[in-house]
Chemist: 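Structure below; questions to follow.
Scope of the values below: all heavy atoms of this structure, side chains included, with no hydrogens, waters or symmetry mates. Remember, predicted model here, so these are calculated numbers, not experimental data.
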Amino acid sequence: DGDVDVNKKHIDKGSRFSPGTLRHGRFTFPPAAIFVGTALLLNAAAIIFGSGFGGKGSLRSMALVENEDTIDNSVEVVEERRIIPADIAEARGDDSKKEKASIPQVLWQTAKSHNAPADVAKIMSTWSSLNPNLDQRLLDDFEVISFMMQHFNTSVVKAFQNLPLAVMRADFFRLAVMYHEGGIYADVDVSSNVPIHDWQYDDYGPIMDSCDVVIGMDEEVHVSNWGFASVKEHILFQEAIELSLSRFLQGVDVSYEHFVHYTTGPGVFTDALVYLARKAGCEWDGKCCRAQEMYHSCRPLLKEKYGICYV
């Protein structure tokens with residue numbers, strides 16, 4: 001994942017988030033890093049709950065982005081989890097009068113520094129080689145926190161800084177940058193094998209032109225969070241951000257094997273998609289293979305309702 005040591009590598013070949021990409025390897029932390037979580041979470045709780053998050057339901061009264069209107073918290077609707085004004089994050093397919101937004105031709109990536117090893121730099125260069133008009137932006141740790149401080153309010157930044165692992169901050173940042181800026185996100189170990197506009201076509205042309213969001217399946221349970229593309233301020237990333245913050249504030253159980261996935265990673269991203277799919281009226285049988293079941297059952301509805309292309 002981004003925001004991790006690019007010198008530490010575990011090969012995990014063959015995955016993709018679109019027909020035009022390939023994941024070569026995952027860059028991870030040493031396993032010992034997991035055990036720092038408990039102490040940091042105690043500190044995080046003290047900081048966060050002392051800074052105005054308050055009690056049950058207070059997330060819905062917090063503006064996620066700086067200088068936005070205060071949300072009316074007088075009505076308790078647990079299912080909604082709104083911390084971003086709804087008028088800037090509506091499903092784009094619901095209003096035919098809205099001007100069609102397009103996915104910005106900007107690639108966002110993160111790493112601990114700009115000094116990538118030669119093999120990683122080679123993978124990263126495939127994007128610019130095949131897409132000469134693509135604006136490729138690699139952010140290091142300092143630039144990531146600067147971005148968060150510039151575009152999000154103090155409460156969100158404090159929560160972000162107190163996520164117990166760097167990989168969790170990398171997970172959260174990709175959701176934040178997609179919501180605020182839009183574009184394409186890919187881990188530094190993901191290559192572009194064909195030009196972006198040749199990835200795949202649907203009835204309306206290239207998916208990068210006809211879709212508001214492009215996502216893919218990581219495995220049968222989870223949607224990929226190591227690569228996606230989106231217009232800015234899309235409801236999918238709104239839901240994922242809100243759910244991630246909510247789970248962090250409820251407390252992270254570091255003894256749970258998949259606490260990273262559940263709090264900031266593909267688990268929370270998949271759950272956000274599940275929420276939207278159910279809201280759109282999509283149903284499927286079984287509980288074990290959500291990503292696979294949504295792929296087979298919900299793609300037309302997701303495209304019609306939210307402009308999400310699940311490839």
Side-chain angles (χ1 to χ4, degrees), residues 1-28 101-144 147 167 170-202 205-218 223-232 234 236-237 266 269 308-311:
D1 293 299
D3 196 25
V4 296
D5 188 347
V6 292
N7 293 301
K8 298 183 183 298
K9 183 167 62 175
H10 169 69
I11 299 299
D12 177 22
K13 294 184 176 180
S15 299
R16 69 185 188 183
F17 80 88
S18 85
T21 62
L22 178 67
R23 194 181 196 192
H24 297 265
R26 176 174 293 179
F27 305 97
T28 62
S102 59
I103 296 174
Q105 296 299 291
V106 179
L107 173 66
W108 299 92
Q109 296 181 294
T110 63
K112 294 193 77 66
S113 77
H114 288 270
N115 299 318
D119 56 342
V120 177
K122 183 178 180 180
I123 293 171
M124 294 172 62
S125 70
T126 61
W127 291 92
S128 57
S129 297
L130 290 172
N131 306 280
N133 295 322
L134 183 68
D135 182 1
Q136 190 168 1
R137 302 182 187 181
L138 176 67
L139 276 63
D140 62 21
D141 287 354
F142 177 79
E143 292 163 329
V144 164
F147 179 95
V167 68
D171 282 341
F172 190 88
F173 172 75
R174 68 195 63 180
L175 301 176
V177 75
M178 284 295 99
Y179 177 78
H180 196 276
E181 298 289 336
I184 304 163
Y185 173 83
D187 281 354
V188 293
D189 60 351
V190 176
S191 64
S192 177
N193 296 336
V194 297
I196 290 170
H197 282 282
D198 292 337
W199 276 357
Q200 184 170 311
Y201 289 77
D202 62 12
I207 57 173
M208 287 293 288
D209 293 336
S210 64
C211 305
D212 287 349
V213 175
V214 179
I215 57 174
M217 193 188 314
D218 190 19
V223 175
S224 166
N225 83 323
W226 46 260
F228 35 57
S230 179
V231 298
K232 66 183 296 185
H234 193 276
L236 174 60
F237 291 91
F269 191 55
I308 298 173
C309 290
Y310 188 2
V311 298

Chemist: If every non-hydrogen atom of Arg174 is compared with every non-hydrogen atom of Val177, which pair is closest and at what distance?
Modeler: O-CG1, 3.5 Å
Chemist: Is the shortest side-chain heavy-atom distance between Phe237 and His180 below 4.5 Å?
Modeler: no
Chemist: Trp127 side chain to Val190 main-chain N or O, any donor-acceptor pair under 3.5 Å?
Modeler: yes
Chemist: Can you measure from CG (Asp187) to OG (Ser224) and round to the nearest 0.5 angstrom?
Modeler: 8.0 Å
Chemist: Show the nearest heavy-atom pair for residues Met124 and Leu138, with the distance to one decimal.
Modeler: CE-CD2, 3.8 Å
Chemist: Between atom CG of Leu107 and atom CG of Asn131, what is the distance when rounded to the nearest 0.5 Å?
Modeler: 9.0 Å
Chemist: Indicate yes or no: at least one non-hydrogen side-chain atom of Trp108 is less than 4.5 angstrom from one of Leu139.
Modeler: yes
Chemist: Using a 4.5 Å cut-off on heavy atoms from C-beta on, say whether the side chain of Ile184 contacts that of Leu134.
Modeler: yes
Chemist: Could you give the distance from CG (Asn193) to CG (Asp198), rounded to the nearest 0.5 Å?
Modeler: 12.0 Å
Chemist: With a 4.5 Å cut-off on side-chain heavy atoms, are Asp171 and Phe269 touching?
Modeler: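 In short, these two side chains do not touch, never coming nearer than 4.5 Å.
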Chemist: Please give me the minimum heavy-atom distance between Val214 and Ile103, naming the atom from each residue.
Modeler: CG2-CD1, 4.2 Å
Chemist: About how many Å separate OG of Ser128 and CG of Asn133, when rounded to the nearest 0.5 Å?
Modeler: 11.5 Å
Chemist: Do Glu181 and Val106 touch side chain to side chain, with heavy atoms closer than 4.5 Å?
Modeler: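 Not in contact.
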Chemist: Taking it one step at a time, do His234 and Ile308 satisfy side-chain contact (heavy atoms from CB on, under 4.5 Å)?
Modeler: CA-CA 10 Å; His234 193 276; Ile308 298 173; 3.8 Å; yes
Chemist: Can you check whether Thr126's main-chain N or O pairs, donor with acceptor, with Ser129's side chain at less than 3.5 Å?
Modeler: no
Chemist: Is any side-chain heavy atom of Tyr185 less than 4.5 Å from a side-chain heavy atom of Asn225?
Modeler: no
Chemist: Does Met178 reach the side chain of Val213, with side-chain heavy atoms less than 4.5 Å apart?
Modeler: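 No, too far: nothing below the 4.5 Å cut-off.
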Chemist: Please name the pair of heavy atoms, one in Phe228 and one in Leu175, separated by the smallest distance, quoted to 0.1 Å.
Modeler: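 Shortest heavy-atom contact: CZ-CD2, 4.4 Å.
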Chemist: If you compare all heavy atoms of Gly216 against all heavy atoms of Tyr310, which two are closest, and at what distance to 0.1 Å?
Modeler: C-CE1, 3.7 Å
Chemist: For the pair Phe147 and Phe173, name the ring-plane relationship: parallel under 30°, tilted 30 to 60°, perpendicular over 60°.
Modeler: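 Rings of Phe147 and Phe173: perpendicular, as their planes differ by over 60°.
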Chemist: For residues Ser230 and Pro104, report the shortest heavy-atom separation together with the two atoms involved.
Modeler: O-CD, 3.6 Å
